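Quick caveat, the model's predicted, so the values are computed rather than measured. Values reported hereafter were calculated over all heavy atoms of this structure, with side chains retained and with hydrogens, waters and symmetry mates removed.
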Amino acid sequence: MREVLDVAAVRRWCRLAADALGRTRGEIDALNVFPVPDGDTGTNLHLTVLAAAEAVEALPTGADAAATWRALAQGALLGARGNSGVILSQVFRGLTEVLGKDGSAKSGDVLLEALEYSSVLARTAVGHPVEGTILSVLEAAFAAAQMRAYEPTLANVARAAADGARTALLHTTGQLDVLARHGVVDAGAAGLCIVFDTLAAVVCEEFPDRYDVPARVAVAVREAPEEERGPGYEVMYLLDADDGAVPALRHELDGLGDSLVVVGGDGLWNVHVHVDDVGAAIEAGLAAGRTHRIRVTYLQSAGQLTGLRQAPCTGRGVVAVTAADGLAELFESGGAHVVRRESGTVPPLAVLIEAILSAGDEVAVLPNEPEVLAIAQAAADSARDSGVRIAVVPTKASVQGLAALAVHDPLRRFHDDVIAMTRAAGATRFGHLEIAVHEAFTSVGICQPGDVLGLIEGDVCVIGTDLVQVATEVLDRMLSGGGELVTLIPGLAASAELPGMLEEHLHLSRPDVEAAVYEGRQELYPLLIGVE
């Protein structure tokens with residue numbers, strides 16, 4: 001039996017847990033009826049633990065135990081999927097903050113402390129905790145381990161926690177009505193039991209041939225009352241934000257939906273919520289900090305939620321999203337149906353769905369911002385129920401959207417047209433200028449309010465004080481990898497001379513490059529740049 005959870009033990013546990021969840025995920029998926037019956041809890045837990053295991057395995061040889069625990073927690077946070085996966089990532093964080101303090105768990109007392117802290121941390125991360133779930137089983141695992149405190153060896157505590165979790169798992173059916181109606185235990189709790197079983201296996205060096213998942217009990221399933229049906233979309237994103245901004249975000253999201261879980265700390269958070277208003281949930285994150293890795297999953301029948309009408313058979317259409325008057329005119333002149341949004345926000349889901357349905361029975365959608373991409377996917381999922389063929393072209397900037405629209409050909413087969421648009425967008429590098437509004441750390445140093453920031457594909461590459469100087473440097477960097485056509489789209493904050501000065505610079509330094517200038521009249525960015 002192991003006496004410490006050292007690097008080798010943590011690595012083995014991560015891989016064993018990931019493999020065990022991989023083998024049992026189908027059985028766990030079959031139990032999934034709460035908080036929504038979307039049948040993916042086992043898959044989400046497997047992917048969450050797999051991300052943790054891969055982060056641990058990616059560490060260089062010789063990494064110490066503290067670094068290994070940190071990698072486990074960070075990998076789980078970044079890779080967390082679904083409600084249970086996000087909660088499990090918080091469990092890993094709790095274990096890490098206790099067990100990783102001095103590099104390893106040297107006694108059962110330390111593991112017991114870690115279990116208690118993880119239980120508290122996970123419960124406080126959930127907006128409205130419910131009994132009969134992973135939270136109840138986590139608390140029961142600690143309580144059972146605490147009973148062994150008279151002989152707190154690492155093996156005793158690990159085995160007691162696993163046994164206590166298993167016992168509590170069977171009780172979840174009677175704790176939550178929706179589980180009783182379907183004759184199942186809680187799916188997330190079943191996955192947690194496997195995580196604890198594998199921990200006990202590594203500590204005790206006793207490895208079972210398989211890890212059991214309680215089967216569904218045959219009962220007469222009763223449909224839930226109509227009022228119990230929850231929101232239609234799961235929204236998840238990573239958020240870079242000051243810790244002080246999170247309470248207000250929790251409050252905002254709590255008023256929008258349910259199944260709210262916000263986990264993380266030290267400036268990086270994983271946000272999970274079920275809502276009907278996807279745009280509002282994303283905008284709440286944008287108000288708190290920088291959102292990325294936005295995922296929107298469709299939970300219910302679109303017709304139930306939105307009362308979709310049948311799409312008119314009007315042929316091929318393109319829907320483009322933009323916040324600027326000039327850009328809207330450009331997209332409209334290219335034949336696109338434009339959905340307007342306010343600067344710094346995403347368009348309402350219902351508006352985007354209606355635009356898709358009005359565009360035709362074959363529709364390509366151009367989101368043109370990373371934050372809009374997820375809601376565009378959700379709108380496409382909803383609108384498909386009306387019979388529309390839809391493809392979301394993953395354009396992350398307006399210049400990519402314009403490049404895609406330029407090759408759009410309604411006479412081609414839809415599949416071929418989408419491929420051509422996607423290739424054109426992918427072949428367009430994008431950059432922009434913006435004005436810093438507060439002091440911040442960037443990849444090239446600290447910026448001050450009023451500084452001009454030059455960004456290439458979302459990353460700050462230049463900090464300066466002059467628009468022309470920064471724009472020139474960004475342009476040169478973007479062209480260093482080649483390019484034939486440069487698109488310049490000045491915004492409201494750009495001087496009238498800026499485009500001409502950049503064209504002159506290109507004429508002198510890169511006479512082989514063609515330049516095109518369009519008035520975008522965007523508010524946030526003085527200049528948008530595309531290189532094809």
Side-chain angles (χ1 to χ4, degrees), residues 1-25 28 41-82 84-106 110-111 114-115 117-118 121-122 134 137-138 141 154-155 157-159 161-162 165 188-211 213 263-264 268 270:
M1 294 187 183
R2 291 183 178 271
E3 296 181 0
V4 295
L5 280 172
D6 55 14
V7 171
V10 175
R11 283 177 173 267
R12 192 170 191 184
W13 173 42
C14 287
R15 178 47 60 184
L16 183 62
D19 290 347
L21 285 168
R23 292 193 299 271
T24 57
R25 66 180 184 179
I28 298 174
T41 293
T43 300
N44 287 336
L45 288 171
H46 173 235
L47 293 174
T48 301
V49 178
L50 186 61
E54 290 176 345
V56 168
E57 291 167 359
L59 288 172
T61 303
D64 62 17
T68 303
W69 280 106
R70 287 195 300 271
L72 183 157
Q74 186 79 349
L77 177 67
L78 296 176
R81 301 290 187 93
S84 295
V86 174
I87 294 172
L88 183 60
S89 75
Q90 192 77 336
V91 174
F92 286 147
R93 179 190 171 200
L95 295 174
T96 294
E97 291 188 6
V98 176
L99 300 177
K101 280 191 299 189
D102 62 354
S104 64
K106 295 181 177 167
V110 181
L111 179 56
L115 290 170
Y117 182 63
S118 295
L121 208 60
I134 188 173
V137 172
L138 180 58
L154 194 62
V157 172
R159 174 49 59 198
L192 179 68
C193 285
I194 289 177
V195 172
F196 282 149
D197 284 343
T198 53
L199 176 61
V202 169
V203 170
C204 300
E205 297 189 347
E206 297 175 354
F207 301 96
D209 294 332
R210 68 183 306 274
Y211 296 91
V213 175
V263 302
L268 178 62
N270 194 318

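- Taken to the nearest 0.5 Å, the CG atom of D6 stands 11.5 Å off from the CZ atom of R12.
- Checking V263, V195, L121, L138 one by one against V91, the side-chain contact (heavy atoms from CB on, under 4.5 Å) holds for a single residue, L138.
- If you take CG on L199 and SG on C14, they are separated by 10.0 Å, rounding to the nearest 0.5 Å.
- Using a 4.5 Å heavy-atom threshold, the side chains of V137 and F196 count as separate.
- The OG1 atom of T24 sits 10.0 Å away from the CG atom of D197 when rounded to the nearest 0.5 Å.
- The two atoms that bring G188 and T41 nearest to each other are N-CG2, 3.6 Å, heavy atoms only.
- In this structure, N270 contributes its side chain and L77 its backbone to a donor-acceptor pair below 3.5 Å.
- Looking only at side-chain heavy atoms (C-beta outward), R23 and R210 stay at 4.5 Å or farther from each other.
- Between L268 and Q74, the shortest heavy-atom contact is CD2-NE2, 3.5 Å.
- Of all the heavy atoms in R15 and L50, the pair that sits closest is NH1-CD1, 3.6 Å.
- In this structure, the side chain of R93 engages the main chain of G264 through a donor-acceptor pair within 3.5 Å.
- When side chains are defined from C-beta on, R11 counts as touching L59, because their heavy atoms get closer than 4.5 Å.
- One N or O on the side chain of T96 and one on the backbone of W69 form a donor-acceptor pair closer than 3.5 Å.
- Side-chain N or O atoms of W13 include none that pairs as donor or acceptor with a backbone N or O of A200 at under 3.5 Å.
- Put simply, the side chain of S118 never gets that close to the backbone of L115: no donor and acceptor are under 3.5 Å apart.
- Between the T48 side chain and the R81 main chain, a donor and an acceptor come within less than 3.5 Å of each other.
- Residues G85 and A80 approach most closely at O-CB, 3.7 Å, considering heavy atoms.
- Of the inter-residue distances, the one linking E57 atom CD with L72 atom CG reads 11.0 Å to the nearest 0.5 angstrom.
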Stepwise, does the side-chain contact (heavy atoms from CB on, under 4.5 Å) test hold for N44 with S84? CA-CA 7 Å; N44 287 336; S84 295; over 6 Å; no

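- L21 has its side chain within reach of I28: a pair of non-hydrogen atoms, C-beta onward, lies under 4.5 Å apart.
- When side chains are defined from C-beta on, V157 does not count as touching V203, because their heavy atoms never get closer than 4.5 Å.
- The two residues I194 and A20 come nearest to each other via the heavy atoms CG2-CB, 3.7 Å.
- Across every non-hydrogen atom of A201 and P208, the tightest pair is CB-CD, 4.3 Å.
- Here R159 contributes atom CZ and L154 contributes atom CG; the two are 12.0 Å apart, rounded to the nearest 0.5 Å.
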